[in-house]
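Worksheet for the structure shown next.
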Amino acid sequence: MSQTLAHVALVVPDYDEAIDYFVNTIGFELVEDTYQPEQDKRWVLVRPRGPGSCSILLARAATPHQERYIGDQAGGRVFLFLHTDDFWRDHQRLSDKGVSFVRPPIQEEYGTVAVFRDLYGNLWDLIEFTKNPPD
């Protein structure tokens, strides 16, 4: 059997603001932005550039309950892990774009990692593994 993770939903307050942030600040590519009139929502996918990347579905909060979880989808823990082939290049590029790193770079047994906060408050690891990332 072969399975892969296709998409991860990220609850956001506004599609266009989220697209701008993930494409122009983080450097992801916009994969799809399709209006779905029957549900009055958009199907918006972004993903890191490079082969084999899982996409993020930018899902606009549709209820007050969903709005409460914007920026805290993992209860304050690191939520997403952005693997890079050059940690220092991407750390500098993100810093230059104004991304807030809340934990400085550290060398761990498994690789180099730093934690940043996205536009909404979700925590991400920027990580370059010492060896190939675990499957």
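Remember, it's a predicted structure, so these values are computed and weren't measured experimentally.
- The nearest pair of heavy atoms linking Phe101 to Ala114 is CD2-CB, 3.7 Å.
- Here the shortest heavy-atom pairing between Ala18 and Leu58 reads CB-CD1, 3.8 Å.
- In summary, the side chains of Tyr35 and Asp40 do present a donor paired with an acceptor at a separation below 3.5 Å, with no hydrogens or angles considered.
- Using a 30° and 60° split on the angle between ring planes, Trp43 and His7 fall in the perpendicular class, above 60°.
- Between Leu30 and Arg47 there is no side-chain heavy-atom pair separated by less than 4.5 Å.
- Considering every non-hydrogen atom in both Asp118 and Tyr21, the closest pair reads CA-OH, 3.3 Å.
- When side chains are defined from C-beta on, Asp33 does not count as touching Tyr15, because their heavy atoms never get closer than 4.5 Å.
- Grouping the Ile, Leu, Val, Met, Phe, Trp and Tyr side chains by contacts below 4.5 angstrom, directly or via other members, places Ile56 with Leu5.
- No side-chain donor-acceptor contact under 3.5 Å links Gln66 to the backbone of Ala61.
- In this structure, Lys97 contributes its side chain and Gly27 its backbone to no donor-acceptor pair below 3.5 Å.
- Phe81 and Ile106 are assigned to two separate hydrophobic clusters, defined by single-linkage of ILVMFWY side chains at heavy-atom distances under 4.5 Å.
- With hydrogens and angles disregarded, a donor-acceptor distance shorter than 3.5 Å links the side chain of Gln73 to the backbone of Val11.
- Within a 6.0 Å radius of CZ in Arg89, other residues, nucleotides and ligands contribute more than 12 heavy atoms.
- Taking 4.5 Å as the limit, every side-chain heavy atom of Ile127 sits out of range of all side-chain heavy atoms of Thr112.
- Leu80 CG to Leu82 CG: the interatomic distance, rounded to the nearest 0.5 Å, is 9.0 Å.
- With hydrogens and angles disregarded, a donor-acceptor distance shorter than 3.5 Å links the side chain of Thr84 to the backbone of Asp86.
- Using the six-membered ring where Trp is involved, His91 and Trp88 have ring planes that are perpendicular, over 60° apart on the 30 and 60° scheme.
- Salt-bridge formation is detected for the pair Asp16/Arg42: a Lys NZ or Arg NE/NH1/NH2 atom is positioned less than 4.0 Å from an Asp or Glu carboxylate oxygen.
- Neither side chain, Tyr110 nor Glu128, offers a donor N or O lying under 3.5 Å from an acceptor on the other.
- Cys54 approaches Ala6 most closely through the heavy-atom pair SG-O, 3.6 Å.
- In the displayed structure, Glu109 atom CD is contacted under 6.0 Å by at most 12 heavy atoms of other residues, nucleotides or ligands.
- In terms of hydrophobic clustering, with Ile, Leu, Val, Met, Phe, Trp and Tyr side chains grouped at heavy-atom distances under 4.5 Å, Val23 and Trp124 are assigned to a common cluster.
- Residues Glu17 and Tyr120 come closest through the heavy atom pair OE1-OH, 3.0 Å.
- Clustering ILVMFWY residues whenever any of their side-chain heavy atoms sit less than 4.5 angstrom apart, transitively, puts Val113 in a cluster other than the one holding Val78.
- Side-chain atoms of Leu10 and Phe22, non-hydrogen and from C-beta on, do get closer than 4.5 Å to each other.
- Of the charged side-chain nitrogens involved, at least one lies within less than 4.0 Å of a carboxylate oxygen, so that Asp90 and Arg93 count as a salt-bridged pair.
- Taking OG of Ser100 as the reference point, atom CG of Leu94 lies at 11.5 Å (rounded to 0.5 Å).
- Pairing each heavy atom of Pro48 with each of Glu29, the nearest pair is O-OE2, 4.1 Å.
- Both Val8 and Val12 are part of a single hydrophobic cluster, where members link through side-chain heavy atoms under 4.5 Å apart.
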Test side chain to side chain contact (heavy atoms under 4.5 Å, CB included) on Val46 and Val31; report intermediate values, then the result. CA-CA 5 Å; Val46 296; Val31 176; 5.8 Å; no
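- To the nearest 0.5 Å, the span separating CG on Leu45 from CD on Glu32 amounts to 5.5 Å.
- Annotation: side chain of Glu67 is not in contact with side chain of His65 (no heavy-atom distance under 4.5 Å).
- Checked against Phe116 for a side-chain contact (heavy atoms from CB on, under 4.5 Å), the options Asp125, Leu123, Asn122, Leu126 give a single hit: Leu126.
- A heavy-atom distance below 4.5 Å is found between the side chains of Val99 and Thr25.
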